[in-house]
Amino acid sequence: MSSTHNTSPRAPTFMDEVINHTPGDNRLANCIQCGTCGGSCPSGADMEHTPRALFQMIKGGFREMVLRSNTPWYCVSCYYCTSRCPQNIHITDVMYTLKRMALKEGYYRESSASEAPAFSSTFIDYVENYGRSFELGLATRYLLRYNPMGMVQMAGMGMGMLRRGRMDLIPTRIKGINQLKAILGKAKTLGGEV
Amino acid sequence: MSANSKPKFAMYWGASCGGCEVAVLNTHEKILDIDANFDVVFWPVAMDAKYKDVEAMEDESILVTFYNGGIRTSENEHLAKLLRRKSKILVAFGSCASEGCIPGLANLYSKNELFNTVYAQRDGCSTVNPENIRPQQNWDAPEGSIQIPEFYSILRPINQVVDVDYYLPGCPPESERIAEVVDLVIQVIRGEAALPPKGSVIGAGASTVCDECKRSRNVKTIKKFVRIQDFMPDPSMCLLEQGIVCNGPATRSGCGALCPSAGAVCIGCYGVAEGVIDYGARMLSAVSSVIDSRNEKEIEKIIEGIPDPAGMFYRFSLASSLLGASKSAWHDKE
Amino acid sequence: MIEPRIGVYVCHCGTNIAGVVDVAEVSKWASEHLKGRGVVISRDYKFMCSSLGQELIEKDIKEYRLNRVVVAACSPHLHEATFRTATKSAGLNPYLTEMVSIREQDSWVHTDKIAATNKAKAMISGGVERVRYHEPLEPLHVPIHPATLVVGGGIAGIQAVLELADAGQKVYLVEREPSIGGHMAQFDKTFPTLDCSACILTPKMVSVGKHPNVELFTWSEVTNVEGYVGNFTVNIHKKARFVKEDICTGCSICQEKCPKKVIDDVFEAGLGYRKAVYTPFAQAIPNYPVIDKENCTYFQKGTCRACEKLCPTKAIDFTQEDQDISIQVGNIILATGYDLFDSRRIPQYGYARLANVFTSLEFERLSNSAGPTGGKVVLRDGVTEPKTVGIVHCVGSRDKNYNNYCSAICCMQSLKFAHLVEERTGAEVYNFYIDIRTPAKDYDEFYQRVLEEGTIFIRGKVAEVTDAARMAGEEGKIIIQVEDTLMGKQRRIPVDMVILSAGLEPRRDAKAVAKLFGISCSSAGWVIEKHPKLDPIATMTDGIFIAGCMQGPKDIPASVAQGAAAAARVLGRIQQKEIALEPIRATVNETQCSGCRICNNMCPYNAILFHEDRAVSEVNPALCQGCGTCIAACPAGAISGTGFSNEQVMAQIEGLLLLNLEAEPA
Amino acid sequence: MEEQQQFEPKIIGFTCNWCSYRAADLAGISRTKYPPNVRLIRLMCSGRLDPTFVFKAFSSGADGVLISGCHPGDCHYVDQNYKTMRRFALMEKMLVQMGFEQGRIKLVWASAGEGLQFAEAVTGMVETVRKLGPLDWHIRGQSNGHLTKELLLKEDVV
Amino acid sequence: MKYGYYPGCSLERNAAAYNVSTMAIAEPLGIEFNEIDDWNCCGATEYTSIDLLAAYALIARNLALAEQLPDNGKLVAPCSACFLNLTKVAHQLEEEETLADKVNLALAEGKLHYTPGSIQVYHLLEVIFNDVGLDNLAKKVVKPLKGLRIAPYYGCMIVRPGYQRTFDNPEHPTSLDSIMNALGAFVVDFPMKANCCGGHMTQISQPVALEMLRRLLKNAADYRADIIVTLCPMCQLNLDAYQENVNAYFKTDYHIPTLYFTQLIGIAMGIPAEQLGIGKELVDARPALAKIGIEVPSEESVPEKKKHPKESLPMPTMSKED
């Protein structure tokens, strides 16, 4: 972990945790609260807290409030914030970190985006068992489980996709799936964090 | 007058080639002065003598000892100490004694590397030594055990082993200079002259070889280093200006600039100029300073013209230089 | 060498040193372990540089008959002079003092206290060994040429010129542009008092132009500088004006008649036009025009000559050629100013893509009564008045992607713009800021005033400026997207005009200029002062001073103050008539010199001359600058140098490596 | 191996008065941290650097020598640092011949504004030399050893 | 020009058109692709949200496999998400030893190893813009796209944040614009060219996602674009497949087809539409394509470029930018 942060003997704060769980010199500690991120974010208008606000909360140690926020889940990884941040903070990566922490600590359930992680994990199930993603399965399995209404809305579109051969009915599986499983298995035992 | 009333004189060779003795002989009739004025008590090259005779002498009973050669073996060291004890005046005679000279160049290599060169069948130069026999310090023969002197891992000029009164540089010292020194000593004996301050360099000048060199000199800028065998240098112009590394600028005067006058570069046998601490550093700094380039790559290229800087700038003074010997020599087990 | 009696003084510098280095321990160590090296007394004290600290040294010198002093404190560049004076006032030659920098080189850069303390010991040991070989020296005195060169005719330079000239001293002023005046001449109003820039600047410009002690070189650049403090030789390249300065009356008929219209990127910041023959503005000093070759039809196509035909005094001269003029000066003041940050570098702010996004300098011209619109604040179509205006702070400043630093003037400038827009158009004005920085006299009062005038302040660094309408009310507008950080909400503010308060940058040729004058810049390009706080207008090169934005972003009052300060410093120099230089010089020992001539081309100041007759080289102390390169080069070891002799350096090496400590009896 | 980690190299650094020494000052003023293994000697110009000083440092117990000056072309004395550049090249070549590892001697250009770069260079060099291990020249360099065994012991204390 | 090739899951199915068109133009443009054998999913934006190290290992497997290819370490991904994941991990493994060691520990379980720094990841756009070059491309054009008003849509992940390289301006990229110009199309100055399509938002919050898509479609419509050209399966999927949902949700009526830039290159090169997967899009592109051959609308009639009145002040040019 190359983060230069927290060399002092004091107990690691919530911010230290976030920083140390984010790869690279993420510079989170350097936030000057200018709001470039919040202003740039395409889904910022719909976030409970702008990234900037979230960072101040992190500094303040408001763990629950932060991990319960829908903000990280509304991040679309467009990297506008990251490339514009005047302090070169790796904001998108921090968002990923917050998602992981929220999952670990279960707070996401209380967030307004409570179903979001489910999508991620449905997605990942396919990746882990087939080595490839699988749109149809993804759509159906996920939507049926968490968002039946959505299923109905989507049906038309899905049909169109099928008709044009843009969706598989059965997922493809890679040859080296066992190899992949072994690798991922090992990776998870390595703490899952950097 | 009777032999033993004359002041006693001794000359001994440590790690050296014997050239110094020849140089003394080259003083021609001065030899007779020596004989006339001194009782030569110990001079292995010239006369038969035993160490025990010297050991038997009273301390400081010898007036002057010319010690040439450096300290390479325990025998060299023993004799240096012995003669120091027995002599009033100990003169480090010639380059070997003063600064190590060519034998000192061996300090670039460890004892082991040297022995390999000399004795090993494979990397030996000319040795036929199939059993790869090495000299043993102690050898038990039926007749009894033999010891030979220890070969030290590095060669040292004698002033690193004993206290030296005067230095007479040169490889070998010019016979004229030797004659002058002999005269000086004789004058001193006669009370016609005083000894120079202890530790001073005698039989040499205060400046450097260029001072005595007849070649015309100019501002120096060097674009390429060449070697004397590679081209025909201008006979009247400074050799260094022509890109040939001549050690004249850093070498103490006294030889009369023999080599440059003869069209060969000065190789620096008269050693450092007055007050200089490290001969190689001076030469290295001087030569590189006048390289005519501001580009690191080009400089590297030009410097390739000096394939062996250590050999070139420390040919005579490695053993007395600040670094003294190469890392492998120092780190050799002593 | 007389028996050294050395006093060692270890400074706490409050906690600056004592916080990391165990100073008491260090001083104790010195007195115990360096006794054998001549240390007779060793003390530690809170502030050695305080008068009490200095008295301490003076007292000891007398009491303990000290003949050498070692002060372990800050960098010699800060207090060497101080302690030399102290030594001197105790009757000892000042050069028998040695400073050891255990602050900049130890306590400030290390955290491990034990290691730092040990390093301090070693450093002091080095200092002690070195000082043993110090020799009493006398400073060298060189005369100061009374004339001064000022480079840059902006407000800082102008101020410096007038101070010097009014004090009766000869001043040369070199300006790259056709007229002096600099950026200030482009402004309409100046904050916070809002007095008209031209009204306060023009009189100063006029007196520079008329002053008998001032020789003005406009349309000129310095191309070469030689020499050193007291006597510099400077070469000035004077570009051909193609106008006979002695005949031209400045009637400006040529400008009216010239058929070639060019966008004026310099004075009008690209917002207006000038002719191929032009004076940048009406009150230009000097007010005779220049012909810019690149755009002149005659020079390009060989025909036209309209100006020549119509000039009533026949002042046009196409045959004029560039001149090189060499001048002698004793001191140089640099005031070359700043460049504006190029807003194109931030594409998301839309400058040069969206017509109605303006830079601060463009707006200065827009609002200037002498500007392209006669002071009418209008959109780029030249007619429409904006109903809403957004002013963006920190454009290119405080941003790791562009410039880290705060440009210092943008906040006040933006407030000024807000006021002007409000005053001229009654438009609704938004200011988008990260922090409002108004730290000077009457500045915050001005902020209050602008608040009262109804400007809306939104705290948030603008994310983007776009014309991509998203919802009703945005059509045909420029939308400023920003997080209102005080609300924690993303907002989109549709406006008609955007003003980018662009930051200040070093001149694009700053590094070249620094090199020309032998001074250094920070990596950003601002010139490095001798001391950031205590000597902001001097540089490390003696005789070269700086003023204005060349040293860092600053406003007009600060620039004027620096111009005056630099001038005052130079005047002091001139009054002393001569200056004492460090007596660090090389000398050749003739008996040892063999005349090998290795050293002859070692000296960039040609201080080494060779005597053919005696076949020896000699160093001319008047020309020698004391770099010591020849000393290191001499193969015979025949050259020695004061202040940094072989003995001093070799001894310091041994000291630093603690070879000097005597073995305690086992 | 254990000792390798313990080993704290001693490095002598030569700086010029105008650029690199001021870079060191700047590093201090801006509180940039670097390891305490380097002890600096101020010269007026890197052109003053006599190879004798370097050999002296090594034979007196330095494990590494850092030479620094203004950037080529930015020399306060016009162009003297080019001489340094030339001397360094030949000196390094000779030291390699004498058995020195690459990295025991290093040439660093630093302008007065490059405090950070200077600190980084020092840190880098300390790491290199730490890996190379002790040079121990002075122990064997009796030829100019003003030093006795007891001194060595004492030295470890400090 | 030889490259390792990582198609990514989308190109197998939903973006098959992207794949076939890429293959169709590769050969004539002198590009040789060497597909990684048995590559696996890059994890999109999802995996890193669950388990960082596993996510990195997942991606590193592909890098390790690519390392075995004989293509001098150049790996091409046409999908922006895949490109970003691959280049990001390749970069960070190079930056951080500890991370690399852990990842290799995991890879070892599968008898694989990745040498940090051995792979440079390129997006297909880079290859065509830099390696093929506009001149060579223009030479190949037999059917110029005259009359087509094209909105070049880059999306996010190709231009930002630029891990191993930044190859185009992250705010205002122009490489795709110039490629389309080289094909003879009329490129509209699409302000939202580098904005986000919503990515996986369609799955997380439909309203948010649809709003983001609406903005893009509106902007493209405002600029009267016939076609949105894209270089990312995710962007294409969202703009194309969800366009009907946008219309339904906002009561709008957008019909802007979204094609891959490789498809348009193919058309300009005279390759038959069916060989380029044209027709797989949900918003029919044929009407738009039918326009080809019609006169280019004259400058005047373009709303955003109206004549300036004479009082107007000079407009700064972008020229200064370099």
Side-chain angles (χ1 to χ4, degrees), chain A residues 1-2 21 23-24 42-43 46 73-74 76-80 82-84 92 96-97 99-100 103 113 115-117 119-121 123-124 126-127 131-135 142 150 153 156-157 160-161 164-168 172 174-176 179-180 182-188 190-194, chain E residues 9 12-16 38-41 43-54 56-58 61 84 92 95-96 98-99 102-103 105-112 156-157 160-162 170-171 195-196 198-201 203-208 212 241-242 244-245 279-282:
Chain A
M1 176 71 255
S2 80
H21 285 343
S43 44
D46 304 282
W73 302 104
Y74 271 32
V76 290
S77 315
C78 74
Y79 290 88
Y80 259 127
T82 307
S83 77
R84 285 177 184 175
T92 312
Y96 282 125
T97 305
K99 291 192 210 179
R100 292 194 297 273
L103 277 177
E115 66 275 17
F119 173 71
S120 302
S121 39
F123 183 97
I124 284 158
Y126 279 104
V127 175
R132 302 271 167 98
S133 67
F134 175 39
E135 281 104 357
Y142 162 74
Q153 294 170 10
M157 180 265 261
M161 298 287 282
R164 287 175 181 71
R166 285 177 66 175
M167 264 197 198
D168 275 319
T172 31
I174 63 167
K175 293 185 253 118
Q179 177 196 40
L180 180 62
I183 293 173
L184 298 179
K186 177 68 179 177
K188 287 176 181 165
L190 289 172
E193 292 296 351
V194 283
Chain E
C9 307
E12 282 200 299
R13 270 298 164 213
N14 98 55
D38 202 42
W39 52 269
N40 58 262
C41 174
T45 53
E46 306 313 320
Y47 215 139
T48 21
S49 321
I50 305 277
D51 183 318
L52 184 77
L53 214 61
Y56 278 38
L58 180 81
R61 177 174 177 273
L84 182 80
Q92 286 181 351
E95 291 295 292
E96 286 183 55
T98 42
L99 182 59
K102 284 187 174 183
V103 167
L105 226 56
L107 287 179
E109 289 299 306
K111 311 262 170 303
L112 285 176
C156 324
M157 295 179 169
R160 284 187 304 272
E171 293 287 348
N195 283 50
C196 179
H200 70 185
M201 254 307 165
Q203 307 302 319
I204 308 248
S205 165
Q206 284 264 337
V208 178
M212 289 165 81
Y242 288 88
E244 269 323 298
N245 304 65
K280 283 186 174 293
E281 65 282 354
L282 300 194

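Only a predicted model underlies this, so the values are computations on that prediction, with no experimental measurement involved.
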_N/O donor-acceptor pair under 3.5 Å between A:R100 side chain and E:T48 backbone_ =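 Checked: pair present.
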Restricting to non-hydrogen atoms, name the atom on [X] and the atom on [Y] that form the minimum distance, rounded to 0.1 Å.
X      : Y      : answer
E:A57  : A:I183 : CB-CG2, 3.8 Å
E:K280 : A:G165 : NZ-O, 4.2 Å
A:Y74  : E:M201 : CA-CE, 3.1 Å

Identify which part of [X] has an atom lying under 4.5 Å from any heavy atom of chain A, answering side chain, backbone, both or neither.
X      : result
E:Q92  : side chain
E:A241 : both
E:L112 : side chain

Answer whether the closest heavy-atom distance between the side chains of [X] and [Y] falls below 4.5 Å.
X      : Y      : result
A:P23  : E:L52  : yes
E:H200 : A:S77  : no
E:C41  : A:F123 : yes
A:Y80  : E:C196 : no
E:C156 : A:Y79  : no

Drop me the distance from [X]'s [atom1] to [Y]'s [atom2], to the nearest 0.5 angstrom.
X      : Y      : atom1 : atom2 : answer
E:N14  : A:M161 : CG    : CE    : 4.5 Å
E:L53  : A:L184 : CG    : CG    : 10.0 Å
E:I204 : A:S120 : CD1   : OG    : 5.5 Å
E:Y56  : A:L190 : OH    : CG    : 15.0 Å

*Which residues share a side-chain hydrogen bond (donor to acceptor under 3.5 Å, both in side chains) with E:R61, sequence neighbours left out*: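 With neighbours one apart ignored, the set is A:Q179, E:D38, E:N40.
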Region of [X] in contact with chain E, defined by heavy-atom distances below 4.5 Å:
X      : result
A:L103 : side chain
A:T172 : side chain
A:T82  : side chain

Looking at [options], which makes the most heavy-atom pairs under 4.5 Å with chain A?
options                      : result
E:S205, E:P207, E:C9         : E:C9
E:A15, E:G43, E:G162, E:G199 : E:G43
E:S49, E:G279, E:G198, E:A16 : E:S49
E:R160, E:E46, E:E109        : E:R160

*For A:W73, which residues count as a ring-ring contact (aromatic ring centres under 6.0 Å, His included) partner, sequence neighbours excluded?*
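A:W73 satisfies ring-ring contact (aromatic ring centres under 6.0 Å, His included) with no residue once adjacent residues are dropped.
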*Who wins among A:K175, A:R84, A:R164 for the most heavy-atom pairs under 4.5 Å with chain E?*
A:R164
